[in-house]
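Numbers here are sequence positions counted from 1.
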Amino acid sequence: MPDPPESREAVDSSRLGSLRAGLPRSRAEWERRLERLVRENRFTISVFFPLNGIVLLLASAEGVLPEPLAFHGLLILLGTAVMRSPLAVGVLPITDRRAAAGVGALTLYAYGIEYLGVHTGIPYGDFFYGVDLGPIVAGVPLGLPVFFIPLVMNSYLLCLLLLGERAARTGVRVAAVIAAVLAMDVVLDPGAVALGFWVYPNGGAFYGVPLSNYAGWVLSATVATLALDWGYDRRALLDRLADCEFLLDDLVSFVILWGGINAWFGNWIPVAGAALFGLGLLRTDRFDVPLSGGLATLRR
């Protein structure tokens, strides 16, 4: 005999109440939950995901992976978001209204400059997207901030650690971060072009990438660095770097993913660039923790 409607409603209400009781009740509690989730899965996020990404992206580029899995836009966006999660979760506690305003302004800039680039070729040179990178609006991927802003934040954090006391000088700090962002694009763009993520129809002198692209990145790197430098307090970032061991894990993923992809295509200068970022991580003791922890887990 089925339960009366009143009984089923009572059970559903009880389950809903239990679910609500288990949810965090404050921002600080949400932050602690997210930090624990990232910390317990560092190896999976920082090593397994980029290694898996290498396999799937190369299989797509070489025609091994069948449709509709080959270059699946939502999978690319999801994988990128997972690899970005240590950075996003790590800076969340120090992202106040001013920092959020800086990130918001940078997001609007990223959409605007990409729209201009796609439709006019300014400032990066003529290009178009060759594969699906998720939902597109007016020719611009909606996930663009997920792809772009972390490159700048990773560069900023790494430079703070490597510069030490010299990072207190605004001119030195900003110039170093801009140079680091450009170096990241030297690694990223040749690999992305080799995969067909975006295409420069007129080719380019640097592994198919035109020099105009890097001229455009000087502009975007400068704007992005100044926005983050204005939004975030340098001392708060340094304190957070000391407290949060996984804050640069996204850069670990970047080194593995784009170093591996460029190696496959024989783009040896970008491979060397990825290796330099890896050395920077090693120098700041930011590369060994996820690897050693993951290997210990595998041994068990």
Side-chain angles (χ1 to χ4, degrees), residues 44-85 110 114 117-118 121 124-137 139-151 154 181-214 216-217 250-278:
T44 299
I45 295 170
S46 305
V47 180
F48 174 77
F49 260 81
L51 289 176
N52 189 59
I54 291 173
V55 173
L56 293 178
L57 290 174
L58 291 179
S60 298
E62 300 296 339
V64 176
L65 200 63
E67 296 288 348
L69 295 178
F71 289 127
H72 193 289
L74 290 179
L75 287 179
I76 293 173
L77 184 57
L78 175 62
T80 303
V82 170
M83 289 186 286
R84 301 299 197 227
S85 62
E114 195 73 4
V118 168
Y124 304 113
D126 291 328
F127 78 98
F128 61 88
Y129 288 100
V131 303
D132 181 12
L133 294 179
I136 301 286
V137 175
V140 178
L142 280 180
L144 181 65
V146 177
F147 298 123
F148 171 63
I149 295 177
L151 299 178
N154 282 324
V181 175
L182 290 175
M184 290 191 82
D185 191 54
V186 167
V187 176
L188 170 64
D189 252 307
V193 168
L195 288 171
F197 274 18
W198 41 85
V199 178
Y200 295 95
N202 298 321
F206 187 72
Y207 298 104
V209 182
L211 298 182
S212 60
N213 171 72
Y214 297 104
W217 269 80
D250 180 36
L251 188 51
V252 174
S253 300
F254 177 89
V255 169
I256 295 172
L257 177 65
W258 293 106
I261 287 173
N262 278 300
W264 175 267
F265 289 109
N267 300 339
W268 298 116
I269 294 178
V271 170
L276 286 176
F277 278 105

Using a 3.5 Å cut-off and no angle test, enumerate the donor-acceptor pairs between side-chain atoms of residues 192-204 and protein atoms at least two apart in sequence or in another chain.
unit_1 : atom_1 : unit_2 : atom_2 : d
W198   : NE1    : D189   : OD1    : 2.5
Y200   : OH     : N213   : OD1    : 2.9

Side-chain donor-acceptor contacts of residues 258-273 below 3.5 Å, not counting sequence neighbours, with atom names and distances?
unit_1 : atom_1 : unit_2 : atom_2 : d
N262   : OD1    : G191   : N      : 3.2
N262   : OD1    : N267   : ND2    : 3.0
N262   : ND2    : V187   : O      : 2.9
N262   : ND2    : W258   : O      : 2.8
W264   : NE1    : E62    : OE2    : 3.2
W268   : NE1    : G266   : O      : 3.4

Partners meeting side-chain contact (heavy atoms from CB on, under 4.5 Å) with L276 (sequence neighbours left out): L279

Nearest-0.5 Å distance that lies between atom CG in N154 and atom CE in M184: 5.5 Å

Qualifying residues under ring-ring contact (aromatic ring centres under 6.0 Å, His included), relative to Y129, sequence neighbours excluded: F127

Salt bridge (charged side-chain N to carboxylate O under 4.0 Å, His left out) contacts touching residues 75-85 (sequence neighbours left out): R84-D250

ring-ring contact (aromatic ring centres under 6.0 Å, His included) partners of F148, counting only residues at least two apart: W217

Sequence neighbours excluded - salt bridge (charged side-chain N to carboxylate O under 4.0 Å, His left out) pairs with any residue from residues 45-56: none

Exercise answer: donor-acceptor pairs, residues 64-77 side-chain atoms, under 3.5 Å, sequence neighbours excluded:
unit_1 : atom_1 : unit_2 : atom_2 : d
H72    : ND1    : L74    : N      : 3.3
H72    : ND1    : L75    : N      : 3.4

Spatial distance of atom CG (D185) from atom CG (L151) [nearest 0.5 Å]: 8.0 Å

From CG (L133) to CG (L142), nearest 0.5 Å: 11.5 Å

Audit row: F128, V118, side chain to side chain contact (heavy atoms under 4.5 Å, CB included) steps and yes/no: CA-CA 6 Å; F128 61 88; V118 168; over 6 Å; no

Any donor-acceptor N/O pair, N52 side chain to F48 backbone, under 3.5 Å: no

